[in-house]
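Atoms within each ligand, like the ligands themselves, are counted from 1 in listed order.
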Amino acid sequence: MSKRVYIFDTTLRDGEQVPGCQLNTIEKIEIAKALEELGVDVIEAGFPISSPGDFNSVVEISKAVKEPTICALTRANTKDIDAAVQSLQYAKHKRIHTGIGASDMHIKYKFNSTREEILQRGVDAVKYAKKFVEDIEFYAEDAGRADIEYLAKMVEAVIAAGATVVNIPDTNGYCLPEQYGAKIKYLVDNVKNIDKAVISVHCHNDLGLATANAMAGLINGARQVECTINGIGERAGNTSLEEVAMIIKSHQSLGLETGINTKQLVPISRLVSTSMNMMVQANKAVVGKNAFAHSSGIHQDGVIKFRENYEIINPEDVGAGSSTIVLTARSGRAALSYRLENIGYKLNKESLEMAYKRFLEMADTKKQLEDEDLKVLMKSIEILK
Ligand code: KIV
Ligand code: ZN
């Protein structure tokens with residue numbers, strides 16, 4: 001099986017479904033260009049039938065971006081597919097992403113239909129889209145909760161109808177990693193024509209398992225992962241692109257690789273956060289403000305001696321600059337001495353002791369001490385001397 005994992009970015013579609021974070025076309029083009037620079041393989045640019053603005057964004061992104069495949073989402077009907085075909089007219093590489101619910105819950109309570117009818121609608125949608133576009137991805141919505149034998153039947157039928165990629169979404173973020181991985185393995189082992197398509201994983205984060213589930217899928221044979229910058233998306237979000245890229249890079253023993261230029265991860269995270277006016281949580285893996293900040297005395301001492309004592313990722317590899325030693329009331333002498341040296345004060349043992357005592361007094365009244373505070377501190381101990 002090939003090592004290469006295709007990165008399908010859906011920041012501009014599933015990600016943009018976050019309430020209050022809608023982007024205009026200019027902002028979307030800027031992000032799409034940054035995604036191209038990042039090295040993603042597919043950009044899901046929108047859901048063209050949903051609004052004239054979304055349709056127009058797919059058109060303009062198709063003109064502006066030439067390397068990645070541009071993908072447009074549809075439901076399983078001809079009207080949606082016609083709009084997607086039109087919106088993709090300028091795309092150099094194009095893909096239509098069509099699909100329908102696969103769980104009994106969706107079949108009964110969303111479509112008021114039957115398994116047979118829904119499978120036929122999926123097949124018809126793929127056949128119709130295939131008349132216009134060669135690259136067709138099919139999503140079996142709510143696959144995470146679908147009956148596995150029915151799901152396998154559906155996947156086999158849509159591949160026979162022309163699907164080149166089969167997306168197995170855990171739409172509600174329900175699965176455990178073992179369950180999701182087993183689902184992918186079942187499809188690899190039991191769908192006769194599975195070698196004619198790439199299996200894609202699309203996981204939501206309702207239980208905080210989106211990245212773990214996506215990884216379980218890849219380990220079991222999927223070769224495309226659908227993800228977003230900063231893990232944004234419906235409800236609790238989607239699998240986070242930066243996490244998947246760095247897991248694959250950090251764990252070479254998995255035998256997987258992506259085309260991601262990891263040095264762009266922090267810059268694009270900031271761009272998406274600013275454009276959407278959506279803060280990234282400080283402790284977010286890889287791109288959070290604190291991802292490379294050390295504040296407790298024990299850790300600081302270890303990092304100052306040898307960075308890898310407490311860092312498994314080199315911050316430069318993700319475009320985060322260097323590690324930071326944050327000064328708080330939990331910091332030790334090693335950290336204080338290190339930060340003072342950075343601003344030009346080299347203290348002997350006795351002066352450091354005096355400075356540390358004063359430092360703790362200041363740190364108890366302030367959450368974090370900055371360089372300016374350290375200068376004040378040094379002045380105050382000069383006076384005391
Ligand atoms: O979560 C989901 O099932 C989706 C599909 C539309 C692919 O976003
Ligand atoms: Zn989704």
_E234 backbone or side-chain N/O/S under 2.8 Å from the Zn ion (ligand 2)_ = no

*Does the side chain of T74 pick up a donor-acceptor pair with the side chain of T98 at under 3.5 Å?*
yes

*Heavy atom under 4.0 Å from ligand 1: found in D142's side chain, backbone, both, or neither?*
neither

*Polar side chain donor-acceptor pair, N77 to Y128, under 3.5 angstrom*: no

*Using heavy atoms and a threshold below 4.0 Å, how should the contact between H106 and ligand 1 be classified: side chain, backbone, both, or neither?*
neither

*For side chain to side chain donor-acceptor pair (under 3.5 Å), just list the numbers for D124 and Q120, CA-CA rounded to whole Å, side-chain angles, deciding distance to a tenth of an Å, and then say yes or no.*
CA-CA 6 Å; D124 290 346; Q120 193 55 50; 2.9 Å; yes

*Is the shortest distance from a heavy atom of E234 to ligand 1 less than 4.0 Å?*
no

*For ligand 1, which atoms have a heavy atom of N167 less than 4.0 angstrom away?*
7 (C)

*Short N/O distance, under 3.5 Å, between D14 and ligand 1?*
yes

_Residues D14 and N238: side-chain donor-acceptor under 3.5 angstrom_ = yes

*Nearest to atom 4 (C) of ligand 1, what protein heavy atom do you find, and at what distance?*
H202 NE2, 3.5 Å

*Rounded to the nearest 10 degrees, what's the angle NE2 of H202 makes with OD2 of D14 at the Zn ion (ligand 2)? Could you check?*
90°

*asked:* Residue-level breakdown please: for E226 versus ligand 1, do any non-hydrogen atoms fall below 4.0 Å on the side chain, on the backbone, on both, or on neither?
replied: neither

*asked:* I want to know if ligand 1 touches H204 in the polar sense, i.e. an N/O pair below 3.5 angstrom.
replied: yes

*Could you tell me whether the side chains of T211 and T239 share a donor-acceptor contact shorter than 3.5 Å?*
no

*So, S51 versus D54: side-chain donor-acceptor pair below 3.5 Å or not?*
no

*Among protein heavy atoms, which sits nearest to atom 3 (O) of ligand 1, and what does the distance come to when rounded to 0.1 Å?*
T171 OG1, 2.7 Å

*If you measure only the distance, is there a donor-acceptor pair under 3.5 Å linking the side chains of H97 and E137?*
yes

_No-hydrogen, no-angle side-chain donor-acceptor test under 3.5 Å, S323 and E311_ = yes

*asked:* Taking distance alone, with N or O pairs closer than 3.5 Å, would you say E141 contacts ligand 1?
replied: no

